[in-house]
Amino acid sequence: MITRFAPSPTGKLHLGGARTALFNFLLARHNGGQFVLRIEDTDTARSKSENVTSILGALQWLGLEWDGQPVFQTARTELYQQYADKLVDQGLAYWCHCSQEKIDATRAQLLAEGQKPRYDRTCRELNLGPAPGATIRFKTPLEGSIGWTDLVKGPIVIDSQELDDLVIFKSDGQPTYNFAVVVDDMTMGITDIIRGDDHVNNTPRQILFYQAFGHPLPAFGHLPMILGADKAPLSKRHGATSVMAFKALGYLPEAIINCLARLGWSHGDQEIFSLDELIKYFDLAHVGKSGAVFNQDKLLSLNAHYIKQTDPAALAEIMWPYLEDKGYTRPAGDMLTKMAKSVQIRGKTAVELADLSEFYLKTRIRSTDYALVRKTLTSQGMEVLKEASEALLHQPDIDHEGFEAILKKLSEKLEISIGAVARPIRLALTGSMASPPLFEIIKILGPETVQSRLLAAGH
RNA sequence: GGUCCCAUCGUCUAGCGGUCUAGGACACCGCCCUCUCACGGCGAAAACAGGGGUUCGAGUCCCCUUGGGACUACCA
């Protein structure tokens, strides 16, 4: 089995493309086959090499390793030419000298008469040769039907009268998409073509070409589209859609893979899948037939799950770039790991992790919420800070139990609730009312920083 | 317009004729836990688009309607 992913480098790798790549990857790996890449760059006006780099980078980041070297269509023009010539020689295709204007005119006329707009096949039996501005058209059978059993949609049949005499070679000497794809898939030995729903209508045309070449048909499977919240196909206007944009937002590749896999595929009630598990369980039989709305909340929750799963040291590395962006210098030793661990269950993205742990690195804690400061650092609050500072001074290596005891003692001494004791300390230490547990913060920050922050807030 | 595809909670989905008074997950709401925020635990609410068949029996099979979508290029 050989599957392929064939992006055109007209943009970055987006969610839809990533899922197509994932399913092809999974199908191949599940069956011990190959997964290859083809870059469809024949649209030279819109194709950019930096997009190729970025698409390959995104696939790598996701962990979708491909076999061999990517094939570039622009390097194979001669091959397409040979195959087109073959069809012309066999009388299965023909040179067409009709001008674009003429074709447009007949199309418009047919449309006006309420008929199907199509080429009128003027040149079909004229046996013309090459000429400037000429195209090569395929002799589509005038009758009969074309069908295949789609791997995800089931049997599909279409009347060949629905099809025009397709142009296979453009007047600029480049093959058309449908033709190039077939030549590529044949010569690359692709056995299973898994692609987006939008290609269902291309399939009968491509089948015609396979038949013309006397080449066995590959299996086709068409994946439903990924939609935005408004049920329209996912696009830029739905916000972040490129894989790397999600990386920048602090999402983990495991979460994106898991999320994408569950968009249109299922394995009973299981929700969490590692890439290895996906390879083990993946099958086309459980791919759904209808479009799926991409739900970023679900991705977020999956991301939170994988963040919780990640080893704190590794998480520190994932989180660090975002802290670095804020202008901090990297702390020494395992400080960063401790920080990551303390916010691990609180942050749902690497960005949130950085935001939540930022207070550890600040040189000065300041809250801009003045109302809160006024409410918390009352004379009583100040008293708490002073007392806490003294209590902690004698117990720098505090643990949960020990800190609870200190809080309790203070609460009894000052005759206020435990919460009222904790509040000013939390504000002094973190600048916020939401943070990891105080004893944990104290341990990570160390006695000197704790003292100075308590004192600084006391003024 | 024509051709093709699709249709279960708000969303992703399980379901492959009887085990469905329809299960799971996310989100939402409530309760518990608790030094805050979270995590976690427990619970609630929430769907078979509509209409005809077939069958002893239909979410599951067939047809129609409705509603979505794709394609209809010398774009990929």
Side-chain angles (χ1 to χ4, degrees), chain A residues 6-10 40-43 45-47 73 96 98 100 103-104 107 111 114-119 133-137 150 152-154 156-159 161-164 166-178 180-181 196-205 222 224-225 227 229 231-233 259 262-272 285-286 288-302 304 308 343-348 356 400 403-404 406-408 411 417-423 425-427 430 432-439:
Chain A
S8 32
T10 52
E40 308 206 325
D41 54 354
T42 52
D43 185 350
R46 293 195 299 149
S47 296
Q73 286 190 321
C96 171
C98 295
Q100 187 70 61
I103 293 164
D104 288 345
R107 209 186 294 274
L111 210 53
Q115 297 206 40
K116 207 175 161 55
R118 60 176 4 146
Y119 173 59
T135 59
I136 301 179
R137 280 182 187 274
D150 196 272
V152 346
K153 304 221 180 241
I156 299 177
V157 183
I158 178 180
D159 203 317
Q161 288 178 48
E162 293 299 326
L163 269 25
D164 215 337
L166 300 147
V167 170
I168 60 175
F169 246 82
K170 302 185 264 184
S171 55
D172 65 358
Q174 290 293 321
T176 55
Y177 168 76
N178 280 122
V181 162
D197 225 351
D198 47 339
H199 288 292
V200 172
N201 291 289
N202 281 328
T203 306
R205 305 159 214 267
H222 291 93
M225 310 255 86
L227 316 172
K231 306 237 179 184
C259 184
R262 286 287 290 103
L263 268 188
W265 176 80
S266 62
H267 182 68
D269 282 343
Q270 188 170 342
E271 297 285 347
I272 304 294
H286 290 87
K289 296 179 179 184
S290 50
V293 174
F294 169 68
N295 184 201
Q296 197 164 335
D297 276 342
K298 193 127 183 179
L299 207 213
L300 192 63
S301 108
L302 247 11
K308 280 178 223 150
V343 294
Q344 187 162 27
I345 58 164
R346 270 163 270 267
K348 291 177 191 290
L356 291 170
H400 178 58
F403 187 70
E404 290 282 321
I406 290 177
L407 281 187
K408 200 162 173 222
S411 118
S417 71
I418 292 203
V421 178
R423 234 170 283 136
I425 302 178
R426 168 163 284 114
L427 186 64
T430 72
S432 150
M433 289 314 286
S435 81
L438 286 174
F439 74 95

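Letters go in sequence order (proteins before strands), and every chain restarts at 1. Every heavy atom of this structure was used, including side-chain atoms; hydrogens, water molecules and symmetry mates were not.
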Item to complete: Would you indicate which nucleotide in U3(B), C12(B), G15(B) comes nearest to any side-chain atom of Arg262(A)?
Response: C12(B)
Worksheet item: Start at the 5' end of RNA chain B and walk down; is the nucleotide closest to Lys308(A) or to Val152(A) reached first?
Response: Val152(A)
Worksheet entry | RNA chain B: 5'-proximal contact among Gly288(A) and Lys348(A) (nearest heavy atom) | Gly288(A)
Distance, rounded to the nearest Å, where [X] contributes [atom1] and [N] contributes [atom2]:
| X | N | atom1 | atom2 | answer |
| --- | --- | --- | --- | --- |
| Leu263(A) | U13(B) | CG | P | 6 Å |
| His267(A) | A14(B) | NE2 | C1' | 12 Å |
| His222(A) | C6(B) | NE2 | P | 13 Å |
| Lys298(A) | C26(B) | NZ | C1' | 5 Å |
| Gln115(A) | U3(B) | CD | C1' | 16 Å |
| Glu40(A) | C75(B) | CD | P | 14 Å |
| Gln270(A) | C26(B) | CD | P | 14 Å |
| Leu302(A) | G24(B) | CG | P | 18 Å |

Which whole number of Å gives the distance between the [atom1] atom of [N] and that of [M]?
| N | M | atom1 | answer |
| --- | --- | --- | --- |
| C12(B) | A7(B) | C1' | 15 Å |
| G50(B) | A27(B) | P | 29 Å |
| C29(B) | C37(B) | P | 15 Å |
| C6(B) | A25(B) | C1' | 23 Å |
| G67(B) | A46(B) | P | 29 Å |
| C48(B) | C9(B) | C1' | 10 Å |
| A14(B) | G23(B) | P | 15 Å |
| G59(B) | U8(B) | P | 15 Å |

Taking all non-hydrogen atoms of both residues into account, name the closest pair between [X] and [Y] and its distance.
| X | Y | answer |
| --- | --- | --- |
| His267(A) | Trp265(A) | CB-CH2, 3.5 Å |
| Val152(A) | His222(A) | CG2-O, 3.0 Å |
| Thr176(A) | Val167(A) | OG1-O, 2.9 Å |
| Arg107(A) | Pro117(A) | CG-CB, 3.3 Å |
| Arg346(A) | Ser435(A) | NH1-O, 4.0 Å |
| Glu162(A) | Arg118(A) | C-NH2, 3.9 Å |

Could you identify the nucleotide paired to [N], looking across every strand shown and requiring Watson-Crick or G-U wobble geometry with both distances under 3.5 Å?
| N | value |
| --- | --- |
| C42(B) | G30(B) |
| A7(B) | U66(B) |
| U19(B) | none |
| G1(B) | U72(B) |

Discussion item. Mind checking if Thr42(A) touches a base, just sugar-phosphate, or nothing, with heavy atoms under 4.0 Å?
Written reply: sugar-phosphate
Worksheet item: Looking across every strand, which nucleic acid part, if any, lies under 4.0 Å from Val157(A) by heavy atom: base, sugar-phosphate, or nothing?
Response: sugar-phosphate
Practice prompt. Enter syn or anti for the glycosidic conformation of C39(B), syn applying to angles within 90° of 0.
Written response: syn
Roughly how far apart are [X] [atom1] and [Y] [atom2], rounded to 0.5 Å?
| X | Y | atom1 | atom2 | result |
| --- | --- | --- | --- | --- |
| Thr10(A) | Glu40(A) | OG1 | CD | 10.5 Å |
| Leu438(A) | Thr430(A) | CG | OG1 | 7.5 Å |
| Leu163(A) | Asn201(A) | CG | CG | 9.0 Å |
| Ile168(A) | Asn178(A) | CD1 | CG | 11.0 Å |

Discussion item. Protein within reach of the bases, or only the backbone? For nucleotides 68-74 of chain B, mark each nucleotide 5' to 3' as B, S or -, using heavy atoms under 4.0 Å.
Written reply: -SBSSSB
Are any protein N/O atoms closer than 3.5 Å to N/O atoms in nucleotides 33-37 of chain B? If there are, list each pair with its distance.
| from | atom 1 | to | atom 2 | distance (Å) |
| --- | --- | --- | --- | --- |
| C35(B) | OP1 | Glu404(A) | OE1 | 3.4 |
| C35(B) | O2 | Arg426(A) | NH1 | 3.3 |
| C35(B) | O2 | Arg426(A) | NH2 | 3.0 |
| C35(B) | N3 | Leu438(A) | N | 3.3 |
| U36(B) | O4' | Arg426(A) | NH1 | 3.4 |
| U36(B) | O2' | Met433(A) | O | 2.4 |
| U36(B) | N1 | Arg426(A) | NH1 | 3.3 |
| U36(B) | N1 | Arg426(A) | NH2 | 3.4 |
| U36(B) | O2 | Arg426(A) | NE | 3.3 |
| U36(B) | O2 | Met433(A) | O | 3.4 |
| U36(B) | O2 | Ser435(A) | N | 2.7 |
| U36(B) | O2 | Ser435(A) | O | 3.0 |
| U36(B) | N3 | Arg426(A) | NH2 | 3.1 |
| U36(B) | N3 | Ser435(A) | O | 2.5 |
| U36(B) | O4 | Pro437(A) | N | 3.1 |
| C37(B) | O2 | Arg346(A) | NH1 | 3.0 |
| C37(B) | N3 | Arg346(A) | NH1 | 2.7 |

Worksheet item: Is there a donor N/O on one and an acceptor N/O on the other, under 3.5 Å, for the side chain of Lys289(A) and the base of C6(B)?
Response: no
Discussion item. Less than 4.0 angstrom from a charged side-chain N to a carboxylate O is my criterion; do Lys116(A) and Asp164(A) meet it?
Written reply: no
